[in-house]
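Read the structure below first, then the notes.
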Amino acid sequence: GLADTDRLVGTILWAVAVLRGDAPTAGAEAGLEELRAFSRRSPGHLFEATAARLLISLGRPDEAAMELERVLPRVLAGAGPRWLGAAADLAAVAVAVGNAGAAARLYEALAGYREQLVVWAGANTVTGPATHYLGILANHLGRLDDAVELLADAVAWEEEAGTLPFLALSLAALADALTRRADAGDHQVP
């Protein structure tokens with residue numbers, strides 16, 4: 001019955017759907033419209049970044065790329081409790097749509113958050129360590145040594161914390177970075 005109950009519940013449901021891989025459902029379209037409504041009601045809260053990430057899950061990369069271009073300047077100039085989550089969402093979008101310019105700008109913006117968790121909505125949801133997002137950006141940018149180091153850090157944190165869904169995502173990203181780097185010994189996880 002609180003004023004932000006719908007946003008808190010939506011954040012949790014969205015995070016679970018993304019981790020389960022079932023975001024592209026009938027409810028996702030409603031969620032997209034809800035995010036757009038939130039962004040109109042609460043400008044500056046950067047709900048558009050999450051909408052862009054949802055568009056990726058819905059298999060609509062062209063729309064996600066347009067949303068990335070539209071909201072990126074506001075995120076880069078912004079601040080506040082939703083900023084880190086919005087930047088992380090846009091990092092995932094930049095990698096998914098292959099926007100190296102946006103990836104480079106987001107990498108620079110997120111670099112100071114290396115030791116942070118991406119925490120959402122009054123701390124009701126965490127979407128992993130910032131090192132995961134920095135790692136996927138570095139991998140996309142061809143900074144393979146950095147990508148391996150960042151993703152290995154994310155894996156270590158996720159193993160220690162027991163966050164298995166995030167661990168699976170970071171292990172997959174680390175495997176990709178190691179495969180791309182192809183140094184001697186990269187066939188073994190660091």
Side-chain angles (χ1 to χ4, degrees), residues 14-24 49-50 52-69 71-73 75-76 83-120 125-190:
W14 163 245
V16 170
V18 167
L19 289 171
R20 288 179 41 173
D22 61 1
T50 303
R53 191 167 185 180
L54 179 53
L55 285 165
I56 291 296
S57 295
L58 289 169
R60 294 159 54 183
D62 293 340
E63 290 176 69
M66 288 189 300
E67 195 69 16
L68 169 66
E69 288 295 324
V71 75
L72 181 61
V75 169
L76 293 175
W83 184 88
L84 183 55
D89 277 349
L90 290 185
V93 172
V95 169
V97 302
N99 186 326
R105 293 173 72 193
L106 285 160
Y107 185 88
E108 184 178 318
L110 286 168
Y113 294 86
R114 181 177 176 148
E115 302 300 322
Q116 303 295 314
L117 288 176
V118 179
V119 179
W120 285 90
T125 304
V126 175
T127 55
T131 50
H132 170 84
Y133 297 95
L134 284 163
I136 64 171
L137 289 166
N139 190 34
H140 180 71
L141 294 168
R143 300 175 184 174
L144 301 179
D145 291 337
D146 291 338
V148 168
E149 178 186 343
L150 289 160
L151 291 164
D153 286 353
V155 165
W157 183 89
E158 292 155 350
E159 285 177 337
E160 184 176 331
T163 59
L164 299 182
F166 299 118
L167 177 60
L169 295 173
S170 292
L171 283 170
L174 178 58
D176 183 59
L178 289 167
T179 299
R180 288 186 67 209
R181 189 173 74 173
D183 281 355
D186 278 356
H187 63 282
Q188 298 175 348
V189 175

- request: Using ring-ring contact (aromatic ring centres under 6.0 Å, His included) as the criterion, list what pairs up with Trp157, not counting sequence neighbours.
  value: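 Testing Trp157 for ring-ring contact (aromatic ring centres under 6.0 Å, His included), a comparison that skips the adjacent residues, returns none.
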
So, for [X] and [Y], which heavy atoms are closest and what is the spacing to 0.1 Å?
X      : Y      : answer
Arg53  : Ala88  : NH1-O, 4.4 Å
Ala154 : Pro129 : CB-CG, 3.9 Å
Ile56  : Ala96  : CD1-CB, 3.7 Å

Side chain to side chain contact (heavy atoms under 4.5 Å, CB included) partners of Val95, counting only residues at least two apart: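 For Val95 the side chain to side chain contact (heavy atoms under 4.5 Å, CB included) partners, ignoring immediate neighbours, are Ile136, Leu137, His140.
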
Sequence neighbours excluded - salt bridge (charged side-chain N to carboxylate O under 4.0 Å, His left out) pairs with any residue from residues 109-119: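 Salt bridge (charged side-chain N to carboxylate O under 4.0 Å, His left out) check on residues 109-119 returns Arg114-Glu149, Arg114-Asp153.
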
What side-chain donor-acceptor pairs closer than 3.5 Å can you find for residues 99-110, not counting sequence neighbours?
{"residue": "Asn99", "atom": "OD1", "partner": "Gly101", "partner atom": "N", "Å": "3.2"}
{"residue": "Asn99", "atom": "OD1", "partner": "Ala102", "partner atom": "N", "Å": "2.8"}
{"residue": "Asn99", "atom": "ND2", "partner": "Glu69", "partner atom": "OE2", "Å": "2.6"}

Taking distance alone, no hydrogens or angles, what donor-acceptor pairs closer than 3.5 Å link side-chain atoms of residues 159-178 to residues at least two apart or in another chain?
{"residue": "Ser170", "atom": "OG", "partner": "His132", "partner atom": "ND1", "Å": "2.8"}
{"residue": "Ser170", "atom": "OG", "partner": "Glu158", "partner atom": "OE1", "Å": "3.0"}
{"residue": "Ser170", "atom": "OG", "partner": "Glu158", "partner atom": "OE2", "Å": "2.9"}
{"residue": "Ser170", "atom": "OG", "partner": "Phe166", "partner atom": "O", "Å": "3.4"}
{"residue": "Asp176", "atom": "OD2", "partner": "Asn139", "partner atom": "ND2", "Å": "2.7"}

message: Less than 4.5 Å apart, side chain to side chain, heavy atoms only: is that true for Val118 and Tyr113?
response: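 No - every pair of side-chain heavy atoms lies 4.5 Å or more apart.
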
message: Could you measure the distance from the OG1 atom of Thr127 to the CG atom of Asp89? Nearest 0.5 Å is fine.
response: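 With rounding to 0.5 Å, OG1 (Thr127) is 6.5 Å from CG (Asp89).
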
message: I'd like to check the salt bridge (Lys or Arg N to Asp or Glu O under 4.0 Å) partners of Asp146; sequence neighbours left out, ordered by chain and number.
response: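 With neighbours one apart ignored, the set is empty.
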
- prompt: Looking at residues at least two apart in the chain, or sitting in another chain, which of them share a salt bridge (Lys or Arg N to Asp or Glu O under 4.0 Å) with Asp62?
  reply: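 Residues passing salt bridge (Lys or Arg N to Asp or Glu O under 4.0 Å) with Asp62: none at all.
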
